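Quantities reported herein were computed from a predicted structural model and do not represent experimental measurements.
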Amino acid sequence: MMRVPVLRRTWYDVVVVGAGHAGSEAAAVCGRLGASTLLLSLRASADLGVLSCNPAVGGIGKAHLVREVDALDGLIGRVADAAAIHVRTLNASKGLAVRGPRVQCDRDQYRAAMQDAMSATTEPSPIEIAAARVVDLKWDPTSRAVRGVVVDGPCQQHIAAGAVILTTGTFINARLLMGTEVVGLGGRMEQADRTIQESTTRLSATLATDIGLGFGRMRTGTPPRILRDSIDFDKLHRQEPEPTTTRIPLSFLTKVPNRDAVSCYVARTTTTTHERVRVAVEQGQSPQWTTLSSPRYCPSLEAKVMRFQRDSHQVWLEPEGTDSDTVYPNGISMSLPAGVQTEIVRTIPGLERALITRPGYAVEYDHVDPRELSPTLETRRARGLFLAGQINGTTGYEEAAAQGIVAGINAALRARDGDQAAPFVFSRSESYIGVLIDDLIRNGASEPYRILTSRAEYRLSLRTDNADVRMTPRGCAVGCVSSIRKEHWKAKREKVLQILSILDGLVLSPSRWKEMGVAGGRLDGGRPMSASNLLGSLASNDTLAQIWNIIKIERRGPALELDFCPERDSEVARHIEAECKYRPYLQKQNVQAQRLLHSDDDELLKFPADFSLNDIKSLSNEDRERLQFAQPRSMADARKVPGVTPAGLQLLLAVLRKSKKATVL
């Protein structure tokens, strides 16, 4: 039994349960909004900033979420930048809209930076953090409202609150599995404890039986950790970090640090690896190879081997810190017996003498059906109860942080304004956060949900470079953004508008542009072209600097007076280039999205007899599987297939409209 926490108050505006990324962002934003906030976790502040799986933040789609959270003055972006030891931009060869910076972090530095960030959240209301095991909710069935929480202790202490946010992650009725054995109870190996499961059993009973929330069960896993000195790096492909000159930070407030970085390495599995995995699976030694929902986009090694006919799979060997002797082998999550894991790892070239410091394992856990939630992440069946993070069927630090900040804002508003609170929600057209939450509450989660750029039908306008343009004004309006953030955004906005005005105003003939050394783009058309249109038509990423130098020559006044250098002001430069490149396409994107919503004629489009979903390369695997299972005959039928994303329907409609074989019902 845990010691009863000594608290400063008997009543709080908001109580947050769980100190992972969802809980940290929720508690921090409540504090910024002036709500008296209590954050409860098993180990108090020691749980803050724990990277429970891969020590990395960002990536494709995920970086979009991080930058949106950051634009609302959230913590995850700043903290990840402070702990960065290896940074790369993923999808760098593709369009600006789908690129995503990924930051490999030092685990210890990340935890320290998160704890510092939470401690600094003192205005206008400090956050109180306490160690406690929440065993139940204060549930009022008459008003169907949650009035607080019950914590473990001799007297089962009741803590009253205006709103409660549950961010319990994978801890509800969780089992840790390795081979055929249950090796622990609880959400993480280092916190495996039977009493944790006992306390969450009572909590889940209240959620399911008393409140009536629907539940599901999922499974995830983690790879074994490897001793650095046991790896033969000479046999591996070295992957250097991105130069600081091209590095994209996750926070708009971060000036790219010029600090020492570490290299990562790439290994590959072999046919011998795969054969050993198959034998183990066929012998029933893998709990991850079952019908229980597990991550599609972060599959276990067992799933990769059994599902895909490949000779090898990549394994990214990522140091867990500058001073750490542990390496994280990204790509070989497994839950086989410890001895079998060692055998399998040692079949990989470079890892023949690898020593496993901690075996991989699987986690089975309960989650709430996210269709039980409103867009504010408040449960529809219980007023004052909000859910965020993996309890909603998602996976990833970034998805958790995004839900946490939305739940926190709405919980603080609920505590302050009661039933009159104005909902703080995002649409699919203005943010990836809106896409994430809409997907969850509309489709549910049949497997751990991960954000992807392919899920967003407005992705050309939902970019990492303009997250502050889209989100910070909303944050200012609700009051969760600091004066520093607000002034930074206003200064950037003013500079961007001035630069775009100058670019639009300079119009030269193609011959003059060529005389000034510009080649390519749409200069062969013969018509005069503005600097902004020219910039949008050029493929190179360093053309803004060239064009800006020409502007200084051709139009000295405004350009010389403006303090702007593309090489120095990289954040502004990226935004300007993206705006110019996507201008011609944004109107078309919006028309297509609106047509998907409102066109009755397109409903009548019928699929040709030889129509194959496999020919639509951009269609996500999830959408393809759901459509193939349902076998719709028309767009009207496709719209009715549960779980198909608006982005998938939009892509399907575009292909059908171009098809000469499509007919009308």
Side-chain angles (χ1 to χ4, degrees), residues 60-61 64 91 93-99 296-297 307-308 371 426-432 434-447 449-463 536-537 578 581-665:
I60 301 169
H64 293 70
N91 266 359
S93 62
K94 297 187 178 181
L96 295 169
V98 295
R99 295 177 190 173
R296 174 192 298 266
Y297 297 101
R307 289 176 184 166
F308 308 115
R371 290 173 294 187
F426 294 103
S427 68
R428 299 182 68 93
S429 64
E430 63 182 328
S431 70
Y432 272 88
V435 172
L436 163 68
I437 293 176
D438 184 64
D439 281 351
L440 289 173
I441 66 175
R442 187 165 53 87
N443 301 326
S446 58
E447 59 191 45
Y449 177 99
R450 174 184 173 169
I451 194 67
L452 300 166
T453 54
S454 62
R455 298 187 191 275
E457 59 272 38
Y458 294 93
R459 57 185 169 273
L460 297 186
S461 53
L462 305 182
R463 308 184 305 269
S537 70
K581 288 182 185 297
Y582 285 109
R583 268 181 180 177
Y585 307 103
L586 292 178
Q587 185 176 3
K588 181 180 178 181
Q589 169 197 261
N590 295 338
V591 168
Q592 289 177 339
Q594 289 302 310
R595 182 167 187 171
L596 180 66
L597 294 174
H598 302 297
S599 176
D600 294 331
D601 294 338
D602 289 329
E603 289 286 289
L604 301 177
L605 282 176
K606 183 180 178 181
F607 297 141
D610 60 349
F611 185 76
S612 174
L613 292 168
N614 292 326
D615 294 336
I616 309 177
K617 302 303 181 184
S618 300
L619 193 65
S620 72
N621 290 333
E622 290 173 85
D623 285 341
R624 181 178 288 107
E625 287 180 9
R626 289 174 175 133
L627 289 167
Q628 285 176 333
F629 180 80
Q631 293 293 306
R633 297 176 57 249
S634 66
M635 274 304 300
D637 292 341
R639 287 179 186 273
K640 299 173 185 176
V641 178
V644 177
T645 66
L649 291 173
Q650 182 180 330
L651 183 60
L652 190 61
L653 176 59
V655 172
L656 271 182
R657 291 183 66 240
K658 290 180 180 178
S659 173
K660 297 180 179 179
K661 296 181 179 180
T663 58
V664 178
L665 290 173

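Among residue pairs with one or both ends in residues 608-634, those qualifying as ring pair (Phe, Tyr, Trp, His ring centres under 6.0 Å) are F607-F611; sequence neighbours excluded.
Considering all non-hydrogen atoms of both residues, S429 and Y458 come closest at CA-CD1, 3.5 Å. Looking at every heavy atom in both residues, R442 comes nearest to P646 through NH2-CD, 2.8 Å. Contact detail for R624 and L613: the closest heavy-atom pair is NE-O, 3.3 Å. Closest heavy-atom contact between S427 and E430: N-OE2, 3.0 Å. Nearest heavy-atom pair across F426 and S431 is CB-OG, 3.3 Å. Across L649 and M635, no two heavy atoms sit closer than the pair O-CE, 3.9 Å.
Between S618 atom OG and Q650 atom CD the span is 11.5 Å, to the nearest 0.5 Å. To the nearest 0.5 angstrom, S446 atom OG is 4.5 Å from R626 atom CZ. In this structure, E625 CD and L619 CG are separated by 10.5 Å, a value rounded to the nearest 0.5 Å.
Residues L440 and L436 form a side-chain contact, since some pair of their non-hydrogen atoms from C-beta on lies under 4.5 Å apart. Using a 4.5 Å cut-off on side-chain heavy atoms (C-beta onward), L627 and L652 make contact.
Formation of a donor-acceptor pair under 3.5 Å by the Y449 side chain with backbone atoms of D439 is not found in this model. When atom types are taken as modelled, the side chain of N91 and the backbone of V98 share a donor-acceptor pair closer than 3.5 angstrom. Judged by distance alone, the side chain of N443 and the main-chain N or O of T645 form no donor-acceptor pair under 3.5 Å. R99 places a side-chain N or O within 3.5 Å of a backbone atom of K94 that can act as its donor or acceptor partner.
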Fill in: H64/L462 under side chain to side chain contact (heavy atoms under 4.5 Å, CB included): CA gap, chis, key distance, verdict
CA-CA 8 Å; H64 293 70; L462 305 182; 5.5 Å; no

Worksheet item: D623 and L651: side chain to side chain contact (heavy atoms under 4.5 Å, CB included), yes or no, with the steps?
Response: CA-CA 11 Å; D623 285 341; L651 183 60; over 6 Å; no

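When the side chain to side chain donor-acceptor pair (under 3.5 Å) test is applied to N614, the partners found at least two apart in sequence or on another chain are Q628.
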